[in-house]
There are 2 protein chains.
Amino acid sequence: MQFEKILNPESIAVIGASRNPNKVGSAILKNIRLTYRGKIFVVNPFAEEIQGIKSYKSIMNIRDKVDVAIISIPADSVLKALKDCEKKKVSAAIIISAGFKEIGKEGEKRENELKAFLKKSRIRVIGPNCLGIINMDPPVNMTFVDPNTKISKGSTAFISQSGALLSAIVDDASANDIGFSKIISIGNAADIDEADIIDYLKEDEKTKSIVLYIEGLVNGEKFLRSLKEATKKKPVIILKGGRSNETSSAVMSHTGSLAGNYKAYELAFEEAGAITVSNIDDLFNFMRDAAKFEVKTDEVVIVTNAGGGGVITSDHINEEGLKRAQINERTASDLSKQLPAESNLHNPIDILGDASPDRYKETLDIIAELNRPTIVIFSPQEMSMPMETAKVIYDLHKKKPNLPLFSIFLGGTNVEKARRFLIERGLPVYDYPNEAVDIIKGLYFYYSHRDPTYERYKKEKIKTVSFSGKKNAFGISAKMIFEKIGINTVNGMLVSSGSELKKGVDKIGYPCVLKISSNSIAHKNKIGGVITGIKDHIELDKAFKDLNQVIKENKLNGAKIELYEDATKDKKGYVEILIGGHRDPVFGPMIAIGVGGIYANEIAEVEFVLPRISDQKIDELKRTNVGKVIMSAAKGQTFDELIGYVIKLGRFMEMNRNIKDIDLNPIIVSGNSAVAADFKIFVE
Amino acid sequence: MQFEKILNPESIAVIGASRNPNKVGSAILKNIRLTYRGKIFVVNPFAEEIQGIKSYKSIMNIRDKVDVAIISIPADSVLKALKDCEKKKVSAAIIISAGFKEIGKEGEKRENELKAFLKKSRIRVIGPNCLGIINMDPPVNMTFVDPNTKISKGSTAFISQSGALLSAIVDDASANDIGFSKIISIGNAADIDEADIIDYLKEDEKTKSIVLYIEGLVNGEKFLRSLKEATKKKPVIILKGGRSNETSSAVMSHTGSLAGNYKAYELAFEEAGAITVSNIDDLFNFMRDAAKFEVKTDEVVIVTNAGGGGVITSDHINEEGLKRAQINERTASDLSKQLPAESNLHNPIDILGDASPDRYKETLDIIAELNRPTIVIFSPQEMSMPMETAKVIYDLHKKKPNLPLFSIFLGGTNVEKARRFLIERGLPVYDYPNEAVDIIKGLYFYYSHRDPTYERYKKEKIKTVSFSGKKNAFGISAKMIFEKIGINTVNGMLVSSGSELKKGVDKIGYPCVLKISSNSIAHKNKIGGVITGIKDHIELDKAFKDLNQVIKENKLNGAKIELYEDATKDKKGYVEILIGGHRDPVFGPMIAIGVGGIYANEIAEVEFVLPRISDQKIDELKRTNVGKVIMSAAKGQTFDELIGYVIKLGRFMEMNRNIKDIDLNPIIVSGNSAVAADFKIFVE
């Protein structure tokens, strides 16, 4: 694809190169000259030459072929320049210029014009409003990052939606021993977007891991598809900016209010097997170390010469949901032959403050046989030898290059050289225990989630049910829809007269429930629109009258009364579960499954899943609190039935894009039954 | 107290000074010589002189007065040396030697002998098994940390239970711009303990903040008392090692199983107003910056030249429970006069990528008037001037020294000098947004918790009720105790015959509940020992027979049957709450208040409080999920009544130290009533 051409052009033209050293157009040209060996052209109608290169009035005047044009001129001239590029048969352009959708209405109009042109055009574009692109091999720096910034070659590709963050991170990366394969400032992504770039980097042999800073996405589905394919090949790490949990106030449904803005992103990234981080230091560590080892178990071994260091590392391991590996008897016995009597042979393996490099070696040789991710802690103490210990670690790595081996060298100047020795040889070394644990946790997540299976999902028989309603549907009208989808619902019916009421209760029996049904109220309880536990004819008559009164008082035009069986009748030890659907504007339908009933609002014990749920996610769901609540009352087949509901609701929302939210709350779950007792469909 | 003498001795004797430069006794002497201006004596029977100082055969041979003896000799000779010190009227000793309780049985015996001697002795001791003590002013380094380690003078006192961690942190501190007032390795704390040292440091004018690394405490009450007094005067920061949540398997009660090992520590530290951190990098940041500003509001202002930086910082602020300050209209209008049109005037205030130092100044001058903790973010961009921006920040600090002003300089070499400029002038600067947010969160916690009030606690009238039972008490026998304490319990009685049953139900009415009462079973439900919802005489007779059958089948000798009113009778919209007591081995009774009933095990939505509950904690409790569940069903006075139960149970457990755990679960809460429906007291 043309992105290859952008990264590896045979010739570049800088449109808007500048003689003023403080201008963007000057820095770009300087960076290209410092890094690039192909042909460089300069376009600036007001200059004869810039930085020693002849300047053309227009790109049209260049006779040679131009592969990539870098456009850094005022926003209102960009489209014209781009049209010239097309005439000149330039393959691709990087539009540095700002002044597009990021500045509001006027810019949005400009960006739409740009997009309209690009739709018909052969030319491919990065930007506008970006910093540019750097390829480290073959080298070409087409950005305006400070030309003094030292950038090292490595195997991490970095894509950023924030230019400012990109330049700050690149500025700091070298000192953090991070090398890059590609650095891409994506800007407004008017043409080439994150997914396109991921597709490219997935196949790029010089890229071993992909790191993204993202604030928002336009086409969630496309992104997710690319992300899933990429994680099958290499780790992808994402820092999502804008994780605030403010919910849209327009959302009426309970499920909607439980789903925060970030929820869908989190779910989608997780489902695609990407590692998510929440702060910049973690981002740096993953940039440096994500591609170094495969971590396929969550059982970690710790070897330490400092009790306190082992204790703190164990704390982090517990808190991050990893496990300390059990040391089997044979290994403990082997260790005991090598170590002083006061050593702790169980994990963390404490080889004491006076541990020599030899003692580290003997211990590590035994421990390495366990093939578990291993954290080696070194703390400078009396007579300890940091450099020699580092060499022991490196020797082990050479002998067992696939053993995930993470070192923590506590301390400062006393251990600095040892740290550098290992880092320069490509081994991950950290100053603090939490860093090593975060990396192991992230990599274990990746290697256990990068290739999900969907057997359960595929097994579900889904009925295509269309819902063309333009108004919210509650009560019986919603119940009928859910029945069609294949969800068990409580017996119920509309009752418009006293005689219908009597006929109904003959079928349904006592205790029963009467509810007001009105499209204009979602929360019937609040106005006294629900009467439960009706035990006999006398109570039933009274309830019917009371509800008619409520309808009158609240002026609920068109409201009706509905009669339901008591869904909890004859059910011992049942629990109330909620299942809901929420349409995320970027990623589409997501499904909530949580604890329903009276505590639902206060506790918000709820898990979200994507409708295309993986077998691994189903297993994880079972181990959550929600899963435990369900399993405390129901059998495995009922849990499986609820998973079926998740899939069915998801498909229903995929087929009917007018539906915004769905609430099934409560679903009465016990033994081998799951029955929805209240139902809502929101389209507004 | 004598601890002053230890920190500021007029003369020191090193018992076990060594000529071998690889020995501890050599490093100690070297450190003293490098730092100390008082008289130094050396004791070593096998040397004439060490490091140029005359060596004595015994401390007894020294004619001059000796204030402090540092003992670094084999463990089995320590007591003898200490006895000599006493004869010599040495005020205090630091016992470096290891080989005491940390090595097991033999060492434990040795430590007990040491303690027995110290009990009768006038001499005060730090250690054994410690690294020693450093005072920075007047300077004296009485440790064996590497003599090449650079240690800076400052205002942070550091106490560590781990020697290895202490030396690693001290080694790294200088590079992290941390200066110390005192550094204390506490070792086994056979005499002077953490509380004693905190008492001293609280009054020490050279110490502005106190940092502790703790793995465990022996006397929790004493520690807590000292901690509470200290936090009234200066911030105390604690990293607790060993936070694993493994619960003691011996605990039978539900409350007991909810309380992890760390829970009591966490509660106690929080109640005392200490800042807790969980990793070493946070510890470093608090060491450096805890005493710099008072943070008295959780509303933070962010000023940034990088959108992405503002977004990430906002995320951390939300995730850590802080708030972004609202920018009022007048301020926004003032800002709008100074800033370009595209700026974001609302928090985060984005002054755009081309922000000059002047623009920072104009913005900060306006923002400073809000008197809110302020985070200034600088990201190196085209034409930005880091050093000049740093100077603007420093000028503001000089003008408004009390404004909590935190800077984040993103990037590497481009901003390093600017960072150093501010750090050297005592201003907190961070590389990453999460660091600034963690500091603000910690300091806000401190300034809002350091002086709790106990009005509600004091108002509670507590009845002293003694419980001398040596067996667990369940059912009616427990109910009677709780009634005496002043807790509302459901009506109930023992029924040993059919006629008692009839008489009982005449009083209590239907529906009612029958339960088996046996001291040998805590969980009656599991064997079918509870029958609820009994509606009439027929069901009652059947239930009575069934339970007698259960007693027979399970061979429950001495078991009886109890009749209870249905506590949920006539209560609409009630919730089930649990209140329990658990005795922590270090800190004593702690009280759990949580969601009870069927979900209690799976959801574990529970808050722990100390029985001496502060008014602030009560307010916080109301805002937790548990508080919200209670308030969803009950009135404020009922919430207050439950707080009364907390205080009463706490007092009851304080008075009766044989009680290990208490469960009141469920308590039926609705409107203005709270009634305990099941009751257990565990002593075993």
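Reminder, nothing fancy here: chain letters follow the sequence lines and each chain counts from 1. Model, not experiment: these values are computed from the prediction.
- Of the listed residues (A:N625, A:L165, A:L239, A:N414), the greatest number of heavy-atom pairs within a distance under 4.5 Å of chain B belongs to A:N414.
- Ranked by heavy-atom pairs shorter than 4.5 Å toward chain B, the options A:E416, A:M631, A:H316 are led by A:H316.
- Looking at A:N176, the atoms closer than 4.5 Å to chain B (heavy atoms on both sides) all sit in the side chain, from C-beta outward.
- By number of non-hydrogen pairs under 4.5 angstrom with chain A, the leading residue of B:A175, B:P380, B:A306, B:G307 is B:P380.
- In this structure B:D177 satisfies the salt bridge (Lys or Arg N to Asp or Glu O under 4.0 Å) test together with B:R420, sequence neighbours excluded.
- Only one option out of B:D431, B:L410, B:N434 pairs with A:I280 in a side-chain contact (heavy atoms from CB on, under 4.5 Å); it is B:L410.
- Across B:Q381 and A:A164, no two heavy atoms sit closer than the pair NE2-CB, 3.4 Å.
- Counting non-hydrogen atoms of other residues, nucleotides and ligands closer than 6.0 Å to NZ of B:K571 gives a total above 12.
- At least one side-chain heavy atom of A:Y213 sits under 4.5 Å from a side-chain heavy atom of B:V311.
- The choice from B:D281, B:N279, B:T532, B:V626 that makes the most heavy-atom pairs within less than 4.5 Å of chain A is B:D281.
- With sequence neighbours left out, B:E319 forms a salt bridge (Lys or Arg N to Asp or Glu O under 4.0 Å) with A:R243.
- For A:L166, no part lies near chain B; criterion is any non-hydrogen pair under 4.5 Å.
- For a residue to count as touching a neighbouring chain, one of its non-hydrogen atoms must lie under 4.5 Å from one of that chain's; by this rule A:D146 touches chain B with the side chain only.
- Within 6.0 Å of NZ in A:K569 there are more than 12 heavy atoms belonging to other residues, nucleotides or ligands.
- Heavy-atom distances place no part of A:F409 under 4.5 Å from chain B, backbone and side chain included.
- Of the listed residues A:G411, A:G627, A:S167, the one with more heavy-atom pairs under 4.5 angstrom with chain B than any other is A:G411.
- Put simply, of A:G242, A:A173, A:G104, the one with the most heavy-atom pairs under 4.5 Å next to chain B is A:G242.
- For the pair A:Y432 and B:D172, the minimum side-chain heavy-atom distance is below 4.5 Å.
- The part of A:P433 that comes within reach of chain B is its side chain, from C-beta onward, which places non-hydrogen atoms under 4.5 angstrom from that chain.
- Using a 3.5 Å distance cut-off with no hydrogens or angles, the side chains of A:T413 and B:D171 do pair a donor with an acceptor.
- Atom CD1 in A:I312 sits 9.5 Å away from atom OG in B:S278 (nearest 0.5 Å).
- With a threshold of 4.5 angstrom between heavy atoms, A:K240 approaches chain B through N, CA, C or O but not through any side-chain atom.
- Proximity to chain B (any heavy atom under 4.5 Å) is restricted, for A:T149, to the side chain, taken from C-beta onward.
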